[in-house]
Structures are given as structure tokens and as C-alpha cells.
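Everything on this sheet refers to the single structure shown next.
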Amino acid sequence: MTSYIDQFPEEARLVKAAMVSAFLALAVGATFGLLQVLHRTGMVRVLSSADYYTALTAHGVLLALTFTIFFLVALFTWGITTSLDRNLPSMRFAWGWYGTMVVGALMAVVAIFAGFLTEPPTLLGEELSASVLFTFYAPLQAHPLFYLGLAIFVIGTWIAGYDWFRTYWAWKRDNPDERTPLPAFMALTTMLFWWLSSAGVAIAIVVFLLPWSLGIVDSVNPLLTRTLFWFFGHAVVYFWLMPAYMLWYILLPKLSGGKLFSDPLARVVFVLFLLLSTPTGIHHQYMDPGIAEGFKFIVMVNTMFLLLPSLLTAFTVVASMEHGARQRGGTGKLRWLGKLPWRDPVFTGMALSGLLFAAAGFSGMINAGMNINYLVHNTFWIVGHFHLTVGTAVALTFMAGSYWFIPQVTGKPLWNRTAGLVQVLLWFLGMVFMSNAMHRAGLLGVPRRTAEPQYENFAFEGAIGSVGELDAQVVLGGTLLAISTIIFLVTIVMTMLGDRGEVPDNSYAGTLSGPEHSPAILDNLKLWTAIALVLIVLAYSLPLAAIVQRGGLFGPGIDGITRVLPPIDTIGGLVEWVVGR
Amino acid sequence: MDIHTYEKAWLGAALVLIVFFIATVTYGTVGAGVEMIDDSGGTVDPNNLADHERFGDPGVEQVGENEYEVNVIASAFFFRPGSDQRGFDPIRVPANSTVTFYVTSSDVIHGFSIPGTNVNTMVIPGEVAELTVEFDEPETYGLLCNEYCGFDHHNMEGTVEVVPEDQYDGGDGQ
């Protein structure tokens, strides 16, 4: 018996707690998802349309931030301890960062949910509410509790990262000549770009939004806080995605019956994400006034190069699966596909989510095209896109992965494989319907983020299909996803309530081409972090200086502040001079 | 470093694809002349729009033979001009015209989108979004806010009427 709980009983409790937190967020967030598709399409309206936005805020915060990141900390804790074969230095410390994250998440959630009350309670002299969506663009204002909660949650993740790093440093002292094992390498590079990028949102919250919501400063510069949000906002999508990549690289090849095709290329991929995740955020602002076209062009180029690591991943993952299938006796050009373990929900869920991620890659390439963005910006297309990425590549991989991890951290075998298999298939089907219809509706100009995309004066018209048909697909897809979520939660609860028994060994895939084939420089995290910093400075210093120069640090309400900051004026003057040439 | 031959080929193809995408976007910008919304619209004081030369009396202005400027203020939850169902004038321009929109916000961040056209921009308080489009055929378009701006966001809409040249009476009904 060598499951994770046998090797690391203390850490297993923490991993289990973080996963259960993720699943609670999923349960509540997904419920809102179903209410939203029924509401938007006008099929059933349980909430008022004003409350729709409160529900949408909860959906975004609970799923995009809480579900994903709690699962991430669980997975990375597993990856660090398993691959370094080493305990975390202190369990009290580890429970401390987990507790910090829980407190932060609860504060934000309480602030959001108070928005459903007809008479929200007053706290700090302000009514409790936070119907600002998960992007919280100022000058829409949330209660300070919301901003504070988000900041505390992010700080919890920072401390978690420190905990993994010090585990790694201790391991390095004991094993100075060994290459960093792949799962640890993945967790550490991911944390590095997370620290760099989430600094942006932390500054937006702590320096600008929180003092403003508390009434300490009168106003904000909306373009500045928005830009700081997106400084973090694109890297965060890779923060969601990297744990899924980790599972595709280290678990999927093993489940296929083979080995990872190339360890060196996997390292290259993660280094590329460390370098390019952050200096791309302005591509969410292609349609923003106040940012020069040249800055947008630079970011477009960075974004296109960010396709490279994902295209490399597609190759490696498929090649590893083929290798596995051939080990199982698969032959032919495509017949080997039949030899893959399609009855295993862990494998099938991950393989299907990879398939839909390929589709998401194509819509992402379109989003990255700066000038085509006029067609799709802020339309339902975007919602279709990220329900394939975070909603499938990430969420479905996590759910499928849970069928492997929950047995690992409880020592209890999966309750019902068939239920798991039905669940991942339903998710795949539901998402195909829903996101396809969302993409197509977006091309008609149907906007995202609205309770009632039914307008008085005009109707959306397209070349093929009608809005009614698209609505029906969205509702069908959303319903299948809701059923899938219920089956998932039942399967997890039943597994946890079960008896201990035989579970798979806690091990991950070996490699065909191992770390000995990759140059040692790939493991030089200091070097890559330094280059990442340089790229961020190159992509962001001039746009940020220009934005501050145009609108002031604290926006139109506070004239004095920009004047007491001469360096900013100087940089701004320099920018004007350069741009004016 | 050891890279499999197939993987090298894939890597090469991926790089070609990426360069191709960058080339198409560059062509769109330089060749086809698709300009991005940028910093050319300038800034305004969102608290004093009434005193602003452009936004003090927003509306449609003829600035050349077939050239028009449309100054619009977006506020929760209407466009002025644009939101005819809220009692404001619709935006009315003649066919075969080149129209430059100048859009700003008096309160929170909004969107300004005319479905079925390329008109789509964020509207940020303090900033003026400037975008130029050509309307060839007479048609009535919808106008909508596509960024969440508050509890009644879904009712923030309006109308853009592109009328035949001979029926054009000079913009927003003056």
C-alpha cells in the first residue's frame, strides 16, 4: 500500500481539505451557472434581472478564482511532496496559509451574497454588497470587505508558494547535484509568474480600490485599475491552466500505459509560460481608449508567441498517449486510439478536456488577433471561449483528476467508475453544445454579461440559425453541465463515505527522454525570473506611465497627488516626447 | 538538448503559424488600414462634461461633405444621443458617409457596440474613445452597452439610423 495518505498522512489531510473547499465552491458556483443560462435565455427567471449580476459575480468568483485555486494548492502540495519525496517543513504553517485563503474567500463571498438581500446589513458605514463581477472594474464600487477578502485570499496563495519553495530549497541542500523533478519544477515556475502577475491586482486593491471604498481617497483612475487588473488577469488564466497541464504531462501518459514523450520540452513549455504569461495582459484591452496602438501591437506579438507552449503541449501529450497505446499493443496509424483506457474516467475526462482545449486554442488565436477583436470583443463569443478553457480544459481535468486524487488522499477506492465516466462524458457534451452556441451568438453581436440580451429596438440576425435555436443549445448544454456537476459531487461524497480499500499507487509517469537530455540552464529559475521581469517592464512601463500621465494616479478627483509625484510626471513627459517623435 | 525529429518539425510548423498570424494582423493594420481604438481621443474631466466643447451639447455634427462627427455621452443606463426609448434623439446619419464617433462616460465604464458593424469600443470615464467607420447603405442598427455597468445594464440600448441621403435632415432632429 503506497497511496499518498500512507506516505504523507498529514499532508494528505491538507490536500483533502483544499480539494473539498474547491468542490464546495464548484457546487455553489455551478448552481448559479444553471440559473444564469435559464435567465439569459428567458426560459425561467428565478432571480430579478438586477440580482442576475450578483449571481454572475458569485459564479465568477467561486468558479474562476475559488474552485480553481483551491484545487491548485492541493495539487501543487501533492506534486511538491511526492516528487521531492519530502514533507512540508511545518504542518501548522501549511494549515496557516490554507486558513488564510479560506478566510479571504469567505469574506469576499459574504460581501457578494449580501447583495441578494433586500436590505443588506451595514458594515463600516456602508451597505454590504459586491455586484461588480469578478473583474470589479472601478468606478463600480464594492464593499471594502470584498476587496479585503480578495487581497487576503491572494496573500494566502503567496504564502503557500513560499512554503513549496522552502521545501524545495531544503531538498536542494540535500541533493545539490540532482535535477529538479518535473512536477516540482512545474509548481515552482507557475508560482513565480503568479507572484509577478498577482502583484498587479494586489496593488490595484491595496493602493487604490480599498482606500477608495473606505473613503480615504475620493476617486480612482479607472483605466489604471483596469490595466492593473489585466496585468494579473491574463496570467491568472495560466495559473488555472498550469495544474491541468501538470496532470496532462505527468498523469495522462501513465494512465495511457506509457511514458511522457519528452521531459526537456515540458520544462521549456513551463519556462515559456513564466516568461510570457504577464506581458500579454493588455490584449484584454485592445478596445480600450487611452492606450496607444503601438503598445497593443507589442502585446499582440507576445500573445501570439504564447501559442508556442500550448502547441508544444498538444504534441507531447498526444505523442505520449500514442506511446502508451502502442505499449498496450495498439497498432496502425489511428487504430491505436482504440487501445487507450477509455473506460477509465480519469483518462477519458482528461483526454476529452484536451480535445476541447484544442478548439479553445483556435478561438483564442482569433481573440489574439488585434483587429478581428472588433468583431468579438465583449460578445458571447468570449464566454464560449473561456468555458472551453477554464470551464473545460481546467475544470474537467480537475474533476477527472479528482477521481484519482480523492482515493489517494483518503485511501478509499473510487465509488463508481461508471458514474465517473458518465459524468465526464456529460460535461464534454454539455460544453460542446453550450460553447458552440455561445461562440456563434457572439458573432451575431450578442453581448456577454447581460441579464436580458433581448432588446426593444432590434434583433440579432445571422446568416445561419436563429437566436431561438442558439438559446435552446445554451439551455441544453447548461442543463447537461448541471447534471454532470451533481453526478460528480455525488461520486466524490460517496467515495469519501466509503471504506478504505485498494487504491492505485502514488506515482506519476516516467519519461522517454529524461531530464538528463535537457540543458541544466532550464532549471535556473533565477535567470528565467529575471528575464520575465525584463519582459514585464518592457511591456508595461510605458503604457502604465502614459495612463498615469493622462488620468492621474488617483483619477480626476484628487489633483494634488500627481503633483507630489514628480518622477511619474518625468516618465510621463519622456513618454510624450518619445511618442511624439 | 535532445529533440525528436517529429517534434522539431512540429516546432517549426508552430513557429511558421505564429509568424503567419502576426503577419495577418500586421496586414490588417498597415494594408487594410484597420485602426485600433487608441489614445488619440484625448481625455476629459468626467465631472464637468457640461462645460466641454464636444460633450457640452452632444450630438451629430457635419464636418465635411460626407463626413460627420458624433459625440456621445454614455451614462448609466442610456446613450445621449442614441437612447430613443429613454427620450433622447436616436443617432441619425446619412448613407455613404464617414462617421467618427467620440464617446465618453459620465460615471462608470460602459461599452459602445453596434451589432452587425465593426463599431465596438470600451467607454472609460476620463477617456474619449474615437473611432471612424463608413456607413454605405441605409439601415437601422441597434446600439448597446456591452460592458456591465450596474443593475439596469441590460436596458442600456439605443438606435443608429442610417437614412438615405435625400432624406437626411441634419442629424439629431435639430
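So you know, we letter chains A, B, ... as the sequences are listed, proteins then strands, and number each from 1. Small disclaimer: the values here were computed from a predicted structure and weren't measured.
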With heavy-atom distances below 4.5 Å as the criterion, would you say the side chains of B:Val108 and A:Tyr137 are in contact? no
Looking at B:Thr24, B:Asp107, B:Thr29, which one has more heavy-atom pairs under 4.5 Å with chain A than the rest? B:Thr29
Where the side chain of B:Trp10 meets the backbone of A:Leu311, is there a donor-acceptor pair that is under 3.5 Å apart? yes
To the nearest 0.5 Å, what is the distance between CG (B:Asp152) and OG (A:Ser49)? 8.5 Å
I'd like to verify something: which residue of B:Leu17, B:Val103, B:Thr121, B:Val19 has the highest number of heavy-atom pairs under 4.5 Å with chain A? B:Thr121
Closest non-hydrogen contact found for A:Pro289 with B:Ala129 is CB-CA, 3.7 Å
CA sep, side-chain torsions, deciding dist, call: A:Leu308, B:Leu11, side chain to side chain contact (heavy atoms under 4.5 Å, CB included): CA-CA 8 Å; A:Leu308 190 63; B:Leu11 183 64; 3.9 Å; yes
Nearest 0.5 Å please: distance from the CE atom of A:Met370 over to the CE atom of B:Met36. 5.5 Å
Counting heavy-atom pairs under 4.5 angstrom with chain A, the leader among B:Met156, B:Glu130, B:Glu35 is B:Glu35
Is it the backbone or the side chain of B:Pro46 that comes under 4.5 Å from a heavy atom of chain A, or both, or neither? side chain
Please look at A:Leu56 and chain B and tell me whether the side chain, the backbone, both or neither of the residue comes under 4.5 angstrom of a heavy atom of that chain. neither
Find the one option among A:Thr450, A:Asp288, A:Leu307 whose heavy-atom pairs under 4.5 Å with chain B are most numerous. A:Asp288
Part of B:Thr140 lying under 4.5 Å from any heavy atom of chain A: neither
Is there a side-chain contact between B:Tyr148 and A:Leu140, using heavy atoms and a 4.5 Å cut-off? yes
Taking every heavy-atom pair that is under 4.5 Å apart, which of A:Asp51, A:Leu375, A:Leu133 has the most such pairs with chain B? A:Leu133
Against chain B, work out which of A:Leu223, A:Thr135, A:Leu265 has the most heavy-atom pairs shorter than 4.5 Å and name it. A:Leu265
Report the distance from atom CD1 of B:Ile18 to atom CE of A:Met304, rounding to the nearest 0.5 Å. 9.0 Å
Any side-chain heavy atom of A:Ile291 sitting closer than 4.5 Å to one from B:Asp38? no
Side chain, backbone, both or neither: which part of A:Phe460 has a heavy atom under 4.5 Å from chain B? side chain
Residue set satisfying salt bridge (charged side-chain N to carboxylate O under 4.0 Å, His left out) with B:Glu69, at least two apart, ordered chain then number -> B:Arg54
Between A:Met300, A:Glu452, A:Met365, which has the largest tally of heavy atom pairs under 4.5 Å with chain B? A:Glu452
Can you see whether B:Ser113 engages A:Asn378 through a side-chain donor-acceptor pair at a distance of less than 3.5 angstrom? no
Given that the side chain runs from C-beta out, which part of A:Val132 has a heavy atom under 4.5 Å from chain B: side chain, backbone, both or neither? backbone
Interchain contact, A:Ala459 with chain B, by part (heavy-atom threshold 4.5 Å): neither
I'd like to know if the side chain of B:Glu157 and the backbone of A:Glu456 have a donor-acceptor N/O pair within less than 3.5 Å. yes
Can you tell me which portion of A:Leu312 sits under 4.5 Å from chain B's heavy atoms? Options are side chain, backbone, both or neither. both
Heavy-atom pairs under 4.5 Å with chain A - which of B:Leu144, B:Leu131, B:Asp84, B:Ile114 has more of them than the others? B:Leu144
Ignoring hydrogens and angles, tell me if any N or O in the side chain of B:Asn146 forms a donor-acceptor pair with the backbone of A:Pro447 under 3.5 Å. no
Do A:Tyr52 and B:His153 meet the criterion of a side-chain donor-acceptor pair at a distance under 3.5 Å? no
Validation row: A:Tyr53, B:His154 side chains within 4.5 angstrom (heavy atoms): yes
Sidechain-backbone polar pair: A:His517 side chain, B:Ile3 backbone, donor-acceptor under 3.5 Å: no
Name the option with the most non-hydrogen atom pairs under 4.5 Å to chain B; the candidates are A:Pro453, A:Pro519, A:Pro139. A:Pro139
Assess whether ring pair (Phe, Tyr, Trp, His ring centres under 6.0 Å) is satisfied between A:Phe458 and B:Tyr141, documenting all intermediate values. CA-CA 7 Å; A:Phe458 66 100; B:Tyr141 294 100; 9.7 Å; no
Highest number of heavy-atom pairs under 4.5 Å with chain B: which of A:Arg226, A:Arg448, A:Gln285, A:Gln141? A:Arg226
Is there side-chain contact between B:Leu15 and A:Phe305, with heavy atoms separated by less than 4.5 Å? yes
Heavy-atom distances under 4.5 Å only: say whether B:Val128 touches chain A with side chain, backbone, both or neither. backbone
A:Ser262 portion near chain B, given a 4.5 angstrom heavy-atom threshold: side chain
Heavy-atom cut-off 4.5 Å, strictly under: side chain, backbone, both or neither for A:Ser513 against chain B? side chain
B:His4 and A:Phe315 aromatic centres sub-6.0 Å: no
Contacting region of B:Ile109 [heavy-atom separation from chain A under 4.5 Å]: both
Residues 298-317 of chain A vs side-chain hydrogen bond (donor to acceptor under 3.5 Å, both in side chains), sequence neighbours excluded, gives A:Tyr245-A:Ser310, A:Tyr249-A:Thr313, A:His283-A:Thr303, A:Thr316-B:Glu7
Mark yes or no for whether B:Asn120, through its side chain, and A:His377, through its backbone, hold a donor-acceptor pair below 3.5 Å. yes
